[in-house]
Protein chains: 2
Amino acid sequence: MHQTTIAMSKCDQCIVRQLSSLKALNKEEVIKLANSKTSYKIKKGEAIFEEGEITNGVFCVKDGIGKLSKLSANGKDQIVKLVKSGELLGQRSMISNEPANLTAKAVADMEVCFIPKSEIINFFNSNNQFSLNMMQSVCEDLKESENEKIALVQKTVKQRLAETLLHLHDEFGEDTDKTLKVQLTREELAGIIGTATESCIRLLSDFNKLGLIELVGKKIMLKDVRALKKLADN
Amino acid sequence: MHQTTIAMSKCDQCIVRQLSSLKALNKEEVIKLANSKTSYKIKKGEAIFEEGEITNGVFCVKDGIGKLSKLSANGKDQIVKLVKSGELLGQRSMISNEPANLTAKAVADMEVCFIPKSEIINFFNSNNQFSLNMMQSVCEDLKESENEKIALVQKTVKQRLAETLLHLHDEFGEDTDKTLKVQLTREELAGIIGTATESCIRLLSDFNKLGLIELVGKKIMLKDVRALKKLADN
DNA sequence: AATAGAACATGACAATTATCATCTTAATAA
DNA sequence: TTATTAAGATGATAATTGTCATGTTCTATT
């Protein structure tokens with residue numbers, strides 16, 4: 001009994017509960033959630049689930065940053081989406097009743113909770129707002145994916161890099177030293193914009209020389225946001 | 001009363017009702033649907049809705065073929081998705097409560113029905129299976145979009161053309177003369193695979209010389225499906 | 001501190017793809 | 001039917017991007 005109360009209060013105050021579809025859950029449902037969830041810690045580089053795996057539930061990202069990606073035949077890892085604290089992972093596969101289409105790995109140490117599918121289905125059936133929230137979340141992903149698809153074709157690698165840097169800045173913010181908070185390797189960054197690692201490095205180097213960014217070791221500081229925006233949009 | 005019966009039977013037997021999320025509707029709901037829908041005919045080249053428009057409902061594609069696309073700054077039209085008879089259009093914008101992100105135009109003469117948002121919301125609230133169906137349909141779109149995004153980066157234009165031809169063949173079938181049923185201009189085909197029209201034409205010409213396809217006027221006949229598959233996957 | 005391995009960086013070059021120009025053929029309107 | 005325009009086709013060329021090779025700088029581990 002005491003246990004339940006603690007678990008509930010934990011889920012109740014959790015950032016995922018505040019930001020994701022789960023915000024529609026009522027107190028009673030949150031208690032059920034707290035009792036059925038499992039927590040995990042995932043270290044940088046480790047996988048949460050791999051392409052083809054049957055996940056049978058969703059993962060809540062409590063802390064850290066993850067990437068959803070797909071390995072190509074030539075060994076390159078195309079990153080489809082980054083997820084941060086407050087977001088859900090694996091919704092699509094669960095809803096479609098399919099094995100995961102993408103691999104989820106930690107880009108920075110993560111804390112996640114697993115909610116079994118049966119629980120989610122119960123929420124679907126009993127809570128209309130929850131269904132609607134989740135539907136909207138998938139719709140949001142769809143819109144983003146479509147727009148990125150278009151950008152991938154209509155913009156040059158240079159434009160996409162500028163765009164991605166701005167996006168990372170917007171979404172994840174900056175450290176105290178003004179550099180981007182998400183620390184991706186050049187290879188990962190290349191995997192987001194869809195280019196060769198060397199091309200990515202070269203362009204970063206160009207941006208640096210042009211004063212658009214500053215390279216502080218492996219970290220990246222945006223120096224001229226306005227110019228980056230202009231470059232991305234042009 | 002007689003009117004209602006006719007309308008109902010029309011919606012009841014409609015292909016959209018059989019293939020889309022609407023299949024979850026019961027008789028009573030189909031009657032309501034039939035009373036609230038409006039039918040349109042759209043000629044090849046005309047728009048159903050344009051990017052930025054508030055649609056306030058979904059369109060059912062009864063007949064014909066449509067394209068969802070976005071115009072780029074340099075005047076090129078990137079095609080995101082083709083829709084055919086039996087599918088719904090504009091679900092995402094409606095669910096997200098946003099203006100259309102893409103423009104929908106007829107590639108071949110179309111017949112569509114418009115279902116107002118209020119009606120869909122009613123179905124959402126009263127029919128759980130309908131919600132689930134629609135969610136799965138959006139999920140399906142998301143998966144496809146993500147996979148296409150990956151293909152766009154990881155495959156060459158040649159591979160993407162082969163893949164797209166096979167896809168068009170699978171999805172739309174062939175005419176009596178064995179050519180592809182969807183008749184797209186070279187420009188539209190280029191807009192799907194995300195390349196310049198000239199590049200698309202050149203590759204079609206190459207495929208023709210290699211015996212992979214045959215160009216019958218403006219129409220395309222697949223001659224060596226196996227080789228096309230190999231090319232697309234390689 | 002020494003060493004190994006990963007990540008980063010850059011040059012040289014090749015391959016892919018876009019752009020511009022021109023021409024032919026097909027479709028459409030006067 | 002003829003004129004006009006759109007669609008298709010192809011060459012020449014330039015720009016973009018990828019690949020391979022090589023070197024440097026980090027980082028972690030012993």
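No hydrogens, no waters, no symmetry mates; every other heavy atom, side chains included, goes into these values. First the proteins, then the strands, lettered A, B, ... as listed; each starts at 1. From a predicted model like this one, the values you see are computed outputs, not experimental measurements.
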**Q** How does each nucleotide of nucleotides 22-30 of chain C score, in 5' to 3' order, for protein heavy atoms under 4.0 Å: base (B), sugar-phosphate only (S), or none (-)?
**A** -----S---
**Q** Hey, is the main chain of B:G194 close enough, under 3.5 Å, to the side chain of B:R160 for a donor-acceptor pair?
**A** yes
**Q** Quick one: side-chain contact (heavy atoms from CB on, under 4.5 Å) partners of A:T164, sequence neighbours excluded?
**A** A:L168, A:L189, A:I192, A:I193
**Q** So which one's nearest nucleotide on DNA chain C is more toward 5', B:C200 or A:E187?
**A** A:E187
**Q** How many angstroms lie between atom CD of B:Q154 and atom NZ of A:K76, to the nearest 0.5 angstrom?
**A** 8.5 Å
**Q** Return the polar atom pairs (N/O with N/O) between nucleotides 10-17 of chain C and the protein under 3.5 Å, or none.
**A**
from	atom 1	to	atom 2	distance (Å)
C:dT10	OP2	A:S205	OG	2.7
C:dG11	N7	A:R202	NH1	2.9
C:dG11	O6	A:R202	NH2	3.1
C:dA12	N6	A:R202	NH2	3.4
C:dT17	OP1	B:V157	N	3.0

**Q** How many angstroms lie between CZ in B:F49 and CD1 in B:I54, if you round to the nearest 0.5 Å?
**A** 13.0 Å
**Q** Using 0.5 Å steps for rounding, measure from the OG atom of B:S145 to the CD atom of A:E144.
**A** 10.5 Å
**Q** Is any side-chain heavy atom of A:L215 less than 4.5 Å from a side-chain heavy atom of A:K219?
**A** no
**Q** What I'd like to find out is whether the side chain of A:C14 reaches to under 4.5 Å of the side chain of A:K62, using heavy atoms alone.
**A** yes
**Q** In degrees, rounded to 10°, what is the bend between the two ends of the helix from C:dA1-D:dT30 to C:dA30-D:dT1, using five pairs at each?
**A** 40°
**Q** Give the rounded distance in Å between these two atoms: CG of B:L161 and C1' of C:dA18.
**A** 16 Å
**Q** For DNA chain D, note the earliest and the latest nucleotide, 5' to 3', having some atom under 4.0 Å of a heavy atom belonging to chain A.
**A** D:dT17 to D:dC20
**Q** With sequence neighbours excluded, give me every salt bridge (charged side-chain N to carboxylate O under 4.0 Å, His left out) pair touching residues 194-213 of chain B.
**A** none
**Q** Mind listing the closest non-hydrogen atom pair of A:E146 and B:V80 along with its distance?
**A** CG-CG1, 3.7 Å
**Q** Quick check: closest heavy atoms across A:E188 and A:V107, and the distance to 0.1 Å?
**A** OE2-CG2, 4.1 Å
**Q** If you measure only the distance, is there a donor-acceptor pair under 3.5 Å linking the side chains of B:E171 and B:H167?
**A** yes
**Q** In a check of side-chain contact (heavy atoms from CB on, under 4.5 Å) between A:K81 and each of A:E87, A:E148, A:K67, which one passes?
**A** A:E87
**Q** Would B:K223 and B:E214 pass as an ion pair if we require N to O under 4.0 Å?
**A** yes
